[in-house]
Amino acid sequence: MLVLQAAVVGPIAACKGWSGKGWARGAPVVVVAGRRGRAQDAGGKVAGVASAAVFEPMKELEKDLFRLPQESHASLARLNFTDSCESSINELINVLYSVSYLYHSLFAYFDRDNVALLGFSHYFKEESDQRRKRAEELMMYQNKRGGRVGLKPVLSAPAVEFEEVVKSMELANSLEKLLTEKFYDLQRAAEKAGDKHLNHLVKSTYLAEQIEIVKRVSEYVAQLRRIGEDGHGIYYFDRVLGGHEA
């Protein structure tokens, strides 16, 4: 078995067993790795017994965790990444694509010449692009962790037209809540698997963002319900939603 013994250079205060006598605190010392080593100063004087660890990399590599798979279809990068987390990510990717598809249908509807609410059209186009971007990010993350992306058919766009702007935003509110719940499912799967990296990513990035999105869309629904189907009020809201002044 190959045993690598490394020398560690650091302040004397860090050496176990240092009595505080002989050298000034903070003087550089060398600790030779081994079961029992001795800390010495530049002049070779023994300061006392210091403990250090033996690094045995070849022994560590004997663990099954570090054995490389020989199958051509198996991932070489996969490490501490469970099937449950892989499955949850794939489910979320497919939900994101379905939501993006539905938003894209709303974008097309509001862009029609006999509807002409271009602010709503612009809003749903951006939301569609953002959900697809999130799906692509998760696909790349899946590949980084050694998982495999599995795409399924997306949800069909509703056959009926979105004749009321309030209904379209209520649909968006429900879709964002669905997405938020799917992110919670992924976070719970990561927590159960002890996957700290995935758990932190979902909580600090995606869930925080989803909470803000649901709040914003809820406010849009409340405002549109007050406006009703009043032509002037809808036109004003459409201009603001599209990023234009009324």
Does [X] reach the main-chain N or O of [Y] with its side chain, forming a donor-acceptor pair under 3.5 Å?
X: E91; Y: K182; value: no
X: S87; Y: S84; value: no
X: T205; Y: V202; value: no
X: Q210; Y: F183; value: no
X: D238; Y: G119; value: yes
X: N94; Y: K152; value: yes
X: N90; Y: G150; value: yes

So how far is it from [X] [atom1] to [Y] [atom2], rounded to the nearest 0.5 Å?
X: R188; Y: E191; atom1: CZ; atom2: CD; result: 9.5 Å
X: F237; Y: I227; atom1: CZ; atom2: CD1; result: 6.0 Å
X: H122; Y: E127; atom1: NE2; atom2: CD; result: 9.5 Å
X: Q187; Y: N199; atom1: CD; atom2: CG; result: 4.5 Å
X: E181; Y: L92; atom1: CD; atom2: CG; result: 11.5 Å
X: L178; Y: N173; atom1: CG; atom2: CG; result: 11.5 Å

F124 and F120 aromatic ring geometry - parallel, tilted or perpendicular at 30°/60° bounds: parallel
Test side-chain contact (heavy atoms from CB on, under 4.5 Å) applied to Q142 and E86, step by step: CA-CA 7 Å; Q142 185 87 291; E86 179 181 3; 3.6 Å; yes
Taking the side chain as everything from C-beta on, heavy atoms only, tell me whether [X] gets closer than 4.5 Å to [Y].
X: C85; Y: T82; result: yes
X: M169; Y: L241; result: yes
X: I211; Y: K215; result: no
X: F81; Y: K144; result: no
X: Y103; Y: L106; result: yes
X: L175; Y: V95; result: no

Pairing of D129 and K125 as salt bridge, 4.0 angstrom limit: yes
Pair R145 + D195: basic N to acidic O under 4.0 Å: yes
E176 and its salt bridge (Lys or Arg N to Asp or Glu O under 4.0 Å) partner, picked from R216, R131, R134: R131
Test applied, ring-ring contact (aromatic ring centres under 6.0 Å, His included); reference residue, Y123; option that passes from Y220, F107, F110: Y220
Residue pair S88 / D185, side-chain donor-acceptor N/O under 3.5 Å: no
CA sep, side-chain torsions, deciding dist, call: V149, L138, side-chain contact (heavy atoms from CB on, under 4.5 Å): CA-CA 9 Å; V149 175; L138 287 172; over 6 Å; no
Residues L198, I89; criterion side-chain contact (heavy atoms from CB on, under 4.5 Å); working and verdict: CA-CA 10 Å; L198 179 58; I89 290 176; 4.3 Å; yes
For the student: nearest non-hydrogen atoms of S128 and H104, plus distance: OG-ND1, 3.2 Å
Common cluster, V214/L186, ILVMFWY with side-chain heavy-atom separation under 4.5 Å: no
L118 with V166, same ILVMFWY side-chain cluster at under 4.5 Å: no
Residues R225, V221; criterion side-chain contact (heavy atoms from CB on, under 4.5 Å); working and verdict: CA-CA 6 Å; R225 283 178 175 177; V221 171; 3.6 Å; yes
Y141, OH: over 12 other non-hydrogen atoms inside 6.0 angstrom: yes
